[in-house]
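The structure appears below as structure tokens.
Atoms within a ligand are numbered from 1 in the order they appear, just like the ligands themselves. The residues of the chain are indexed from 1 along the displayed sequence.
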Amino acid sequence: MHTQVAIIGAGPAGLLLSHLLHLNGIASVILESRSRNDIEATIRAGVLEQGTMDILLESGVGARMQSEGVVHHGIELAFGGRRHRIDLSELTGRAITVYAQHEVIKDLVAARLAADGKILFEVSDVSLHDLQGESPSVHYTHQGEPARLLADFVIGCDGFHGIARPSMPQHLRQDFQRSYPFGWFGILVDAPPSSEELIYAQHQRGFALVSTRSLTVQRLYFQCDPKDDVKHWSDDRIWSELNTRLECADGWALKEGKIFQKSIIGMRSFVSTPMQHGRLYLAGDAAHIVPPTGAKGLNLAVSDVRLLARGFEQFYKKGSQELLAGYTETALKRVWRAEHFSWWMTSMLHTFADASPFQQQLQRAELEYVVSSRAAATALAENYVGLPL
Ligand code: APR
Ligand code: PHB
């Protein structure tokens, strides 16, 4: 089998890239190790920047997001028993949409399949070959048969644990990383929304986040030991912890309900450079990870593939490799900005077991500044809604 662009991984990065290439008349094949059912059911993030919404709408896959997603014009920061609103729209003229990542996945899969796009699910043994020449190839197994996909380019959209990044020569790569001594305990709850906007809460017992999925399903998180086990957390214990961390002097209270999903996610910051080697390009989590506090993971994947789609359009229509050659440099500028923002939000809102009383006072001073200075609030807001592409 031959195609122009071979894409490893059907996450948001791989699927959107394939869709954008298709709109430019460029053929691609996606190889995905999991089943369609699996990728459409995995619970991940849920905040779309304005620029991400714009790309989904402009490329014709935003209809359901527009009708079922909810536009939020602000977020709240809670600390010291009080809630403070950051008015994203007033400060930046932009907003965010809360729409679950797996719904974006469903919309993109449906669009690719409706256009006869080729996605091979449940492939295994994927390996990359001849990445330095003009005809790289991907070897894999599908339905028990070994197979080979020849392509002009290979794009690793296979997430943090994929095979694309390790396929680059180790000695040419530099990785930057930081892990955090905590994770997030996430739950899904059958309940009406407790708040019209997301609440990011700092508390001495640890961070908590009130997010939402719909009028009937809510998404809540709280900082936890990353090695903890969900089995140790009864529903009562979870509600007690969340209620303590989110307690507010104004009488606001969480609306509880039936918890139907519990999971613990780790937190890390990670960047791998370069994002291109020969004919192999990396996009999304394959090249970088952010802690979820800034809600940037999905949005960064989208900005990477937007750059790649433009690069391939220029290559196939004009024969120029200029944009593709600048991919690492251009993409990493946005990546590092998001890395800083995500690290900053994480540091400002979480409890660090080893923080000295001095550091704790600095953390409080920073929160007070962000909610009382228009300049500081704007810095948070413009990063949160996403800087212009
Ligand atoms: N072969 C084929 N597919 C693979 C392989 C492999 N060796 N390894 C991983 N995959 C698939 C995974 O099953 C997954 O569906 O690649 C896909 C990677 O998707 P994501 O992890 O979602 O990564 P990405 O598309 O970069 O999306 C960015 O934003 O909200 C954040 O971390 C969150 O998933 C999110 C990300
Ligand atoms: C989510 O709803 O899953 C979510 C929201 C905001 C974040 C992270 C995750 O910062």
- request: Compute the ring centroids of His350 and Tyr180, then answer whether they are less than 6.0 Å apart.
  value: no
statement: Interatomic distance, CG@Leu91 vs OH@Tyr384, rounded to 0.5 Å, equals 14.0 Å
- line: Within 4.0 Å of some non-hydrogen atom of Asp158, the atoms of ligand 1 are 4 (C), 5 (C), 8 (N), 9 (C), 10 (N), 16 (O), 18 (C)
- request: Distance to 0.1 Å, residue and atom name: give those for the protein heavy atom nearest to atom 2 (C) of ligand 1.
  value: Ser33 N, 3.3 Å
task: Among all protein heavy atoms, pick out the one at the shortest distance from atom 14 (C) of ligand 1; state its residue, atom name and that distance to 0.1 Å.
output: Glu32 OE1, 3.5 Å
- prompt: Which is it for Gln359 and Asp354 under the side chain to side chain donor-acceptor pair (under 3.5 Å) test, yes or no, and what are the steps along the way?
  reply: CA-CA 9 Å; Gln359 285 167 317; Asp354 61 353; over 6 Å; no
statement: Here the atoms of ligand 1 under 4.0 Å from any heavy atom belonging to Gly11 are 17 (C), 19 (O), 22 (O), 25 (O)
query: So which protein heavy atom does atom 22 (O) of ligand 1 come closest to, and at what separation?
result: Pro12 CD, 3.4 Å
- prompt: Where is the nearest protein heavy atom to atom 18 (C) of ligand 1: which residue, which atom, and how far?
  reply: Cys157 O, 3.4 Å
query: By number and element, which atoms of ligand 1 are closer than 4.0 Å to a non-hydrogen atom of Gly162?
result: 8 (N)
Residue that, paired with Phe207, satisfies ring-ring contact (aromatic ring centres under 6.0 Å, His included) out of Phe222, Phe352, Tyr221, Trp184: Trp184
- request: Would you mind finding which of Gly284, Ser167, Ala13, Ala301 brings a heavy atom closest to atom 25 (O) of ligand 1?
  value: Ala13
message: In the structure I gave you, are the side-chain heavy atoms of His232 and Arg237 within less than 4.5 Å of one another anywhere?
response: yes
Spacing of CZ belonging to Arg112 relative to CD1 belonging to Ile7, to within rounding of 0.5 Å: 8.0 Å
statement: the protein heavy atom lying closest to atom 32 (O) of ligand 1 turns out to be Asp285 OD2, 2.5 Å
Polar proximity ligand 1 side, Leu298 side, N/O cut 3.5 Å exclusive: yes
For ligand 2, what N or O to protein N or O distances fall under 3.5 Å?
residue: ligand 2; atom: 2 (O); partner: Ser211; partner atom: OG; Å: 2.6
residue: ligand 2; atom: 2 (O); partner: Arg213; partner atom: NH1; Å: 2.8
residue: ligand 2; atom: 2 (O); partner: Arg213; partner atom: NH2; Å: 3.4
residue: ligand 2; atom: 3 (O); partner: Arg213; partner atom: NH2; Å: 2.8
residue: ligand 2; atom: 3 (O); partner: Tyr221; partner atom: OH; Å: 2.5
residue: ligand 2; atom: 10 (O); partner: Tyr200; partner atom: OH; Å: 2.7
residue: ligand 2; atom: 10 (O); partner: Pro292; partner atom: O; Å: 2.8
residue: ligand 2; atom: 10 (O); partner: Thr293; partner atom: O; Å: 3.4

- request: Show which atoms of ligand 1 fall inside a sub-4.0 Å distance from at least one heavy-atom site of Ile8.
  value: 1 (N), 2 (C)
query: For ligand 1, which atoms sit closer than 4.0 Å to a heavy atom of Leu31?
result: 2 (C), 3 (N)
Minimum heavy-atom distance Trp252-Ser194, with the two atoms named: NE1-O, 2.9 Å
- prompt: Which atoms of ligand 1 sit under 4.0 Å from any heavy atom of Ile163?
  reply: 7 (N)
Ile39 N/O under 3.5 Å from ligand 1 N/O: no
Numbered atoms and elements of ligand 1 in range of Ala45, under 4.0 angstrom, heavy atoms: 30 (O)
query: Any idea which part of Gln101 is under 4.0 Å from ligand 1, heavy-atom wise: side chain, backbone, both or neither?
result: side chain
statement: CG (Leu56) and OG1 (Thr97) are apart, to the nearest 0.5 Å, by 9.5 Å
